[in-house]
Asker: 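Just dropping this structure here.
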Amino acid sequence: MDNRPIGVFDSGVGGLSAVRRLEKLLPGEDIVYFGDTGRMPYGTRSRETIIGYSKEIIAFLLEKDVKMLVAACGTISSNLPDSVVKALPVPYTGVMLPAAQVAAATTSNGRIGLIGTTATVRSGLFGKAIRSIRPETKLFGKACPLLVPMVEEGLLEEDNEIVRLTLEMYLSSIKKENVDTLILGCTHFSLLYNQVDRVMESKVTLVDAAGAAAQYVQSFLTERDMLGDSSRKGKTRFFVSSEPEAFCETAQKFLGRSISADLRVQVLGK
Ligand code: DGL
């Protein structure tokens with residue numbers, strides 16, 4: 001048994017999609033969440049910058065004595081090099097490999113769509129991960145950077161016209177490719193799950209990368225006997241690098257409860 005918290009991080013509110021799922025799957029676990037709201041979006045930045053920011057957040061979470069690190073961010077997952085992951089003192093998962101496994105197991109026709117940030121699609125690593133499991137698959141990626149600030153702004157209503165039109169614009173090329181599976185490869189997009197499903201006319205299976213990662217964490221901790229005492233109720237603590245009020249407002253809409261977040265600007269730069 002291990003009562004230490006799980007450390008979950010993202011550039012902003014996107015990783016809450018993993019938190020929501022983890023709280024459901026593992027209600028006895030404590031979670032420490034960090035959203036780098038002061039430096040989001042990550043998806044339009046260079047790989048070096050993404051790695052540098054991620055290392056700072058990881059150091060912060062390790063100080064909180066986490067037992068596992070979860071990069072609830074497609075951008076970080078597909079840009080953090082193995083050398084950094086291998087040097088970590090606690091187990092790590094991103095959202096990319098769990099999502100790739102689910103997508104490879106889901107597709108029937110071998111044609112998979114991916115929506116993510118520019119940095120995620122540019123990395124090409126989702127396709128590599130899926131083809132390492134099912135070599136005959138084809139991945140059709142589309143970067144959708146405008147969706148990230150929309151989600152941060154809390155535009156989560158299912159009937160929001162701006163979001164619908166933006167999704168129509170981004171998804172039109174993927175629709176033409178006859179995919180049967182679509183990966184929501186940016187955790188911000190998990191907050192728009194129903195809206196994406198509607199624009200895809202419920203014709204494809206959506207793979208929510210954040211949900212796949214949460215399931216992976218559950219199996220990983222269970223298999224290694226690293227879960228906390230399940231008789232108690234877990235607590236989630238939130239930290240952000242800027243504007244805690246705005247973060248809490250969007251978080252409240254998505255998590256369905258009010259939360260408070262502590263400001264930790266010292267994570268920003270050195
Ligand atoms: N939530 C992130 C992801 O999964 C990053 C979005 C961003 O900061 O651009 O890719």
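Here the structure is a predicted model, which means the values were calculated and not measured. Note that ligands are numbered from 1 as they come in the structure, with each ligand's atoms numbered from 1 the same way.
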Asker: Below 3.5 angstrom, do we get any N/O pair linking Gly43 and ligand 1?
Answerer: yes

Asker: For Ala72 and Val8, work out which heavy atoms get closest and say how close.
Answerer: CB-CG1, 3.6 Å

Asker: I'd like to know whether the aromatic ring centres of Phe60 and Phe239 sit less than 6.0 Å apart in this structure.
Answerer: yes

Asker: Is the closest side-chain donor-acceptor distance between Glu153 and Thr250 under 3.5 Å?
Answerer: no

Asker: Would you mind checking which non-hydrogen protein atom is closest to atom 4 (O) of ligand 1, with the distance to 0.1 Å?
Answerer: Gly74 N, 2.6 Å

Asker: Report yes or no: does Cys73 have a heavy atom closer than 4.0 Å to ligand 1?
Answerer: yes

Asker: Please list the nearest protein heavy atom to atom 10 (O) of ligand 1 with its residue and the distance rounded to 0.1 Å.
Answerer: Thr75 OG1, 2.6 Å

Asker: Is it true that Arg237 and Asp262 make a salt bridge, defined as a side-chain N closer than 4.0 Å to a carboxylate O?
Answerer: yes

Asker: With heavy atoms of Pro41 as the reference, note each atom of ligand 1 found under 4.0 Å away.
Answerer: 7 (C), 8 (O), 9 (O)

Asker: Please determine if Arg131 and Glu136 form a salt bridge, counting it only when a charged side-chain N lies under 4.0 Å from a carboxylate O.
Answerer: no

Asker: Are any of the N or O atoms of Val148 closer than 3.5 Å to those of ligand 1?
Answerer: no

Asker: Is the shortest N/O to N/O distance between Tyr42 and ligand 1 below 3.5 Å?
Answerer: yes

Asker: Taking heavy atoms and a distance under 4.0 Å, where does Thr187 meet ligand 1: side chain, backbone, both or neither?
Answerer: both

Asker: Under 4.0 Å between a side-chain nitrogen and a carboxylate oxygen: does that hold for Arg232 and Glu29?
Answerer: no

Asker: Does this structure show an ion pair linking Arg257 with Glu23, if we count only N-O contacts that are shorter than 4.0 Å?
Answerer: yes

Asker: If we set the cut-off at 4.0 Å for heavy atoms, which region of Thr117 has an atom near ligand 1: side chain, backbone, both, or neither?
Answerer: side chain

Asker: Does Ser11 approach ligand 1 within less than 4.0 angstrom via side chain, backbone, both or neither, non-hydrogen atoms only?
Answerer: side chain

Asker: Can a salt bridge be assigned to the pair Arg164 and Glu168 using a cut-off of 4.0 Å between side-chain N and carboxylate O?
Answerer: yes

Asker: Is the shortest N/O to N/O distance between His188 and ligand 1 below 3.5 Å?
Answerer: yes

Asker: Can you name the atoms of ligand 1, numbered from 1 with element, that are less than 4.0 Å from a heavy atom of Cys186?
Answerer: 1 (N), 2 (C), 3 (C), 4 (O), 6 (C), 10 (O)

